[in-house]
Amino acid sequence: MDFNQVYKVVFVKCEESSLSFFTDMPGFILAEKIEIEGKECPILQSTNGDLIMLVEKETVEADTIVLKTDDCVRDYYLFNQKSIPGLTKPRYVAHGLEFCFLDPSGNRFVLTEERDYSEA
Amino acid sequence: MKYNRVLVDKNEIISESTYSAHYPKNTGRYALNVVLSGQASYTVEKREITLVPDSFIFLNHDTSYTNSIDSTVEVNTFSVLFDPDFVHDFEQSNLLQDHVLLDQPLGFKERDTRFVESIYPLRGNLKFNLQHLAKHIDSGVNDELLLSEYLNHCLANYYKLYHSEIIKREASLQFLNGTTKSEILKRLTVARDYMISNYHRRLRLEEVAQVACLSVNHLLRTFKQAYQQSPHQFLTKVRLHQAKHFLRNTDYPINEIVDIVGFECPSSFIRLFRNSFQVTPGQYR
């Protein structure tokens, strides 16, 4: 485990179903599993390098997690093919392009492609 | 080297790197023509237009145009040809409200959408989306639905740009009659395109006004209303942006760049460059 990496902790209702949800999604792979207080916590890595740690919890308050991507249009297209729940169309925002989806625990993920408009 | 791909919805994507090419009498589809490096000449109806690096023109489906390249440096171009039915569907699904579409799913006659044809700088979201599209084309992506997704975004980006560059500017002209506004803006875009196409030459205001079929005074007054700057200020900006391109992409000496982009002396170029971009040309490079 690399302690220099920054992990985004995502609390989920069921580790197993969440893991299968994410590993079935394009762009996420299971990087490793670590044990915290006797519980196995999977760590997922997105193609952009973001690391997400799934931690099972009995009562989960839905959170918003922001992940980066290098191509929002491509990711939206791939997610749409998989019929990901709560998927919104990409929308242009001040810093680029973003879309959202929900995980099985109701957490809202925002996938954002940052665009530098100063030179573009 | 040329890549050419016709999609199932009759849209076409063309990417080309060449020193010499000639394509006469193109028509039938809306054309988004981009020049990424070098220069390409277009004859659009009777207008002679030169696309400079990082600029594009969007041409109507019923416009007949010829494009040619004759250059000592390699010219990279990227074009997307949109089928009129695709543009029509895009307009229906994006510009009409849901309840209108539900009430009359088949009830709309095909509108013959015509745009004011003008040169625009390639920047913002359109540039990013075209870059992504070009990257997928280069890497051999065959998924037509994915490519169409980018075309949809490019079209949406163009409509937004068109709204701010044409519709809003047209509205800012101080004339009561809507037809007069449209006609004046059309002529101003002719003047603007002429300055972009001939930015490297020493241009006289009379010449620009004559091309646009406006008197000098009329051109000065209406240009300022539409673009909040004088034709001379606009031309200077075009020259400075081209200088930026040459500084970034070539190793030409600054004196040579000054000459290429049409400035008369290096000192005034350096001063203008520093005032516009807060860095000297040397620092920028």
Side-chain angles (χ1 to χ4, degrees), chain A residues 21-29 44-50 52 64-103 108-120, chain B residues 7 34 36 53-56 80 90 93-94 98 120-161 163-164 240-241 243-245 247-249 276-279 284-285:
Chain A
F21 170 80
F22 280 107
T23 48
D24 191 39
M25 278 175 72
F28 286 93
I29 53 160
L44 299 155
Q45 186 166 26
S46 73
T47 40
N48 212 45
D50 281 324
I52 306 162
T64 298
I65 299 102
V66 179
L67 301 175
K68 285 182 185 168
T69 174
D70 60 338
D71 189 342
C72 223
V73 176
R74 175 203 59 206
D75 288 354
Y76 168 76
Y77 171 78
L78 295 173
F79 284 26
N80 201 21
Q81 301 278 81
K82 290 265 180 187
S83 303
I84 304 291
L87 189 66
T88 63
K89 282 189 174 178
R91 64 186 186 109
Y92 292 95
V93 289
H95 59 268
L97 192 57
E98 66 179 32
F99 69 88
C100 306
F101 66 92
L102 299 173
D103 77 351
R108 184 168 164 266
F109 283 77
V110 181
L111 222 64
T112 177
E113 177 190 341
E114 286 182 359
R115 294 178 167 186
D116 178 9
Y117 295 116
S118 59
E119 273 293 324
Chain B
L7 304 180
V34 183
L36 301 168
D54 287 332
S55 69
F56 77 94
V80 181
F90 170 85
S93 54
N94 288 280
D98 287 347
Y120 301 100
L122 181 65
R123 60 184 173 211
N125 288 313
L126 183 60
K127 182 172 184 171
F128 282 102
N129 289 330
L130 282 172
Q131 277 173 347
H132 285 317
L133 178 62
K135 193 179 72 190
H136 288 304
I137 295 291
D138 287 345
S139 59
V141 167
N142 280 321
D143 191 333
E144 295 209 354
L145 287 172
L146 174 60
L147 299 179
S148 287
E149 193 75 39
Y150 286 100
L151 298 197
N152 258 305
H153 274 267
C154 289
L155 213 46
N157 299 148
Y158 176 69
Y159 272 74
K160 193 171 179 205
L161 177 79
H163 186 79
S164 64
L240 288 172
H241 279 283
K244 252 182 156 183
H245 173 83
L247 286 167
R248 207 170 46 226
N249 299 299
S276 295
F277 308 120
Q278 284 73 53
V279 283
Y284 179 79
R285 174 170 262 171

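Each chain gets a letter, A, B and so on, in the order the sequences are listed, and its residues count up from 1.
The CZ atom of A:R115 lies 4.5 Å from the CG atom of B:N125; values are rounded to the nearest 0.5 Å. Atom CG of residue A:L97 and atom NE2 of residue B:H132 lie 8.0 Å apart, to the nearest 0.5 angstrom.
Annotation for B:K160: atom NZ does not count as buried by contact number, only 12 or fewer foreign heavy atoms lying within 6.0 Å.
With a 4.5 Å cut-off on non-hydrogen atoms, B:L126 does not touch chain A at all. With a 4.5 Å cut-off on non-hydrogen atoms, B:D54 does not touch chain A at all. Heavy atoms closer than 4.5 Å to chain A are found nowhere in B:N152, neither backbone nor side chain.
In terms of heavy-atom proximity, B:F128 sits nearest to A:D116 at CZ-O, 3.4 Å.
Side-chain contact between A:R74 and B:Y150 is present, with heavy atoms from C-beta onward closer than 4.5 Å.
Counting only N and O atoms by type, the side chains of B:H153 and A:Y92 include a donor and acceptor under 3.5 Å apart. Remark: the B:H136 side chain and the A:D71 side chain contain an N/O donor-acceptor pair separated by less than 3.5 Å.
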| field | From CA spacing to verdict: side chain to side chain contact (heavy atoms under 4.5 Å, CB included), B:E149, A:Y76 | value | CA-CA 9 Å; B:E149 193 75 39; A:Y76 168 76; 3.8 Å; yes

